[in-house]
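Down below is the structure, laid out as structure tokens.
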Amino acid sequence: MRNALKKFYIALIFLFLYAPIATLMVLSFNASKTRAKWGGFTFKWYAQLARNDDILRALGNTLLIALFSSVIATVIGTIACIAMNHMKKRTRTIMMGVTNIPMLNADIVTGISLMLLFISFGFRFGFGTILLSHITFNIPYVILSVMPRMKQLKPSIYEAALDLGASPVTAFFKVVFPDLMPGILSGFLMAFTMSLDDFIITHFTKGAGVDTLSTKIYTEVRKGIKPEMYALSTIIFAAVLVLLLLVNAAPEKKDKNRHPV
Amino acid sequence: MSKELIHLNSISKSFDGQMVLDELNLTIHENEFVTLLGPSGCGKTTTLRILGGFATPDTGSVIFDGQDITKLPPNLRPLNTVFQKYALFTHMNIAENIAFGLKIKKKSREYIADKIRYALKLVNLEGYENRMPDSLSGGQQQRIAIARAIVNEPRVLLLDEPLGALDLKLRQEMQYELIRMKNELGITFVYVTHDQEEALTMSDTIVVMNQGYIQQIGSPESIYNEPENAFVADFIGDSNIISATMIEDKLVSILGARFACVDTGFGHNKPVDVVIRPEDVELVSPAEGTLQGVVSHLIFKGVHYEMEVNAGGFEWLVHSTALHPVGENVGIRVDPYNIQIMNKPESEDEEAVAIDI
């Protein structure tokens, strides 16, 4: 009885959580144009989506920005972690706090402040400004996932490599980097996901004529909701879901290799 | 004595204003097993790190085979280190770990394969080439760390408490293996430990350190039998350290009783410290003893009984194979050559400090 209740409760939670997305997914396969009735199963909205050049261009922008911003943020974030690891404990705690703030900050505040910054420095709004702002908000996520790995790292590993004749650069890439890899990878994937589904910050830092998927959907929806948008949203959701599963799976797998029992 | 290989020339080092090494001078000879022994914080690990190139002294120089290597980075020094916590590369298998240094030196594939086989044989772990470090026990990992260091044919092997994390039995086995390896390889070992037994078992020369100063340098026998001050006596093994007065040459007054000894040259009626090892205290009948007392504690230790005897207001620690029950009146006798006379410490630095292990 108790167990049945527990299961019911969990089912209820998941129902509330996923009912809206499920509705969206179902509607994206609905042949009827109205939301009110089921007109049979179809892929036609997906097909129409694939023929929509605006959407495809936005998709291209989104992927490019996500890729570039997460790669650059991963490099910067990892270097920052190396530096912070060599700081005194007090300074490091302060630095960690400072890097955490942008994550907790409301997106709209980050978005508007980045917009103001770009205006005051005379940047031309467009692909570049979106990329810059995505790099900015991605760095903390990279630091957040690399830093714990960094702390687990035994300093003697690096020293042992030096001792065996490796130059500092060789020592870093041969022994430190592989140990950090799981953290770097999950930081990269997290940054990629964050960039992929950002709307608010992109909205404030994009110029006219440049769109990512999320800002494109927003514009389209204002003109009236077309079923194509259901299809597009479903695709984005699926993509983010897959990425998140990857993020969670990557470090775990590595850890299992590390501690065979 | 063989050729001089390393000379530490008045090395000083401080961290955050805390003096760790103060004007340290030390000479290490070729093919010597030197142990730096002392409690934690005595500067022994810092000395080793300065030798390895991981720390730079504030003043002073490190001379290696006639050349000043004080500023040489660790990757260019002809020494290799075995670290306290193994420091194996966990993402590489055993063969790759051992080959690391050789690959950097661009040795041929055949040479490397040969060396791996030889090193694994030396540390008794043949056939472990493809294992991962994490699948090995602590003792095996430490042996791999040693193998990884020696394939580079260093002139000196630095070992930083390499057996610290191992259990007693394994530690004793490894001690013998290290001595065997040192003899087979014919290279100089500089070994850091806080374990006096380890130091006594393996070393040719022991350097006892405390608070950044060298307290005594000598063979294990001389360190144990003729400690130069109370710190050394206290740190190396159990001992009775008693304030006494040197009445004249070869006669010392301990707790009011006159004991014959063999030391000369301390002057007349001079305050000194005497060290008497617990196994050198003989318990006899009260009439035969130089000093009379009562047994206050008794513990069976396996090889011998450990007793405490209250005599002359001092708790004497006594090791004996003969049993004297608690409460028995006994006499204390010490052979003259078992009484070690030491000058009172001149500075506070030389005094024994609490040993934290």
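These numbers come from a predicted model, not from an experiment. Residue numbers begin at 1 in each chain, while the letters A, B, ... track the order of the sequences.
Contacts of B:Met92 with chain A are made by side-chain atoms alone, with heavy-atom separations under 4.5 Å and no backbone atom involved. Neither the backbone nor the side chain of B:Leu102 comes within contact range of chain A; no heavy atom of the residue lies under 4.5 Å from a heavy atom of that chain. Using a 4.5 Å cut-off between heavy atoms, B:Arg148 contacts chain A through both its backbone and its side chain. Neither the backbone nor the side chain of A:Ala171 comes within contact range of chain B, judged by heavy atoms closer than 4.5 Å.
The minimum heavy-atom distance linking B:His91 with A:Lys174 is given by the pair NE2-O, 2.9 Å. In this structure, A:Ser156 and B:Phe83 approach most closely via the heavy-atom pair CB-CD2, 4.0 Å. Across B:Phe89 and A:Ile157, no two heavy atoms sit closer than the pair CE2-O, 3.5 Å.
Here the CG atom belonging to A:Leu164 is positioned 7.0 Å from the NZ atom belonging to B:Lys105, to the nearest 0.5 angstrom. The structure places CZ of B:Phe54 at 6.0 Å from CG of A:Leu162, a figure rounded to the nearest 0.5 Å. A distance of 11.0 Å separates NZ in A:Lys154 from CD in B:Gln84, rounded to the nearest 0.5 Å.
Contact annotation: the side chain of B:Asn75 approaches that of A:Pro168 to within less than 4.5 Å [non-hydrogen atoms, C-beta and beyond].
More than 12 heavy-atom neighbours from other residues, nucleotides or ligands sit within 6.0 angstrom of CD on B:Glu126. Around CD of B:Gln67, the count of heavy atoms belonging to other residues, nucleotides or ligands within 6.0 Å does not exceed 12. Around CZ of A:Phe237, the count of heavy atoms belonging to other residues, nucleotides or ligands within 6.0 Å exceeds 12. Around OH of A:Tyr18, the count of heavy atoms belonging to other residues, nucleotides or ligands within 6.0 Å does not exceed 12. With a 6.0 Å radius and a threshold of 12 heavy atoms from other residues, nucleotides or ligands, A:Phe68 has its CZ atom at or below the threshold.
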Practice task
Starting from the C-alpha separation in whole Å, work towards a yes-or-no answer on side chain to side chain contact (heavy atoms under 4.5 Å, CB included) for A:Glu159 and B:Arg49.
Solution key: CA-CA 10 Å; A:Glu159 287 184 349; B:Arg49 289 177 63 79; 2.7 Å; yes

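With sequence neighbours left out, the side-chain contact (heavy atoms from CB on, under 4.5 Å) criterion links B:Leu168 to B:Arg171, B:Gln172.
Counting heavy-atom pairs under 4.5 Å between each of B:Ile104, B:Leu88, B:Val151, B:Asn80 and chain A puts B:Asn80 at the top.
For residues 81-91 of chain A, heavy-atom neighbours of chain B at less than 4.5 Å comprise no residues at all.
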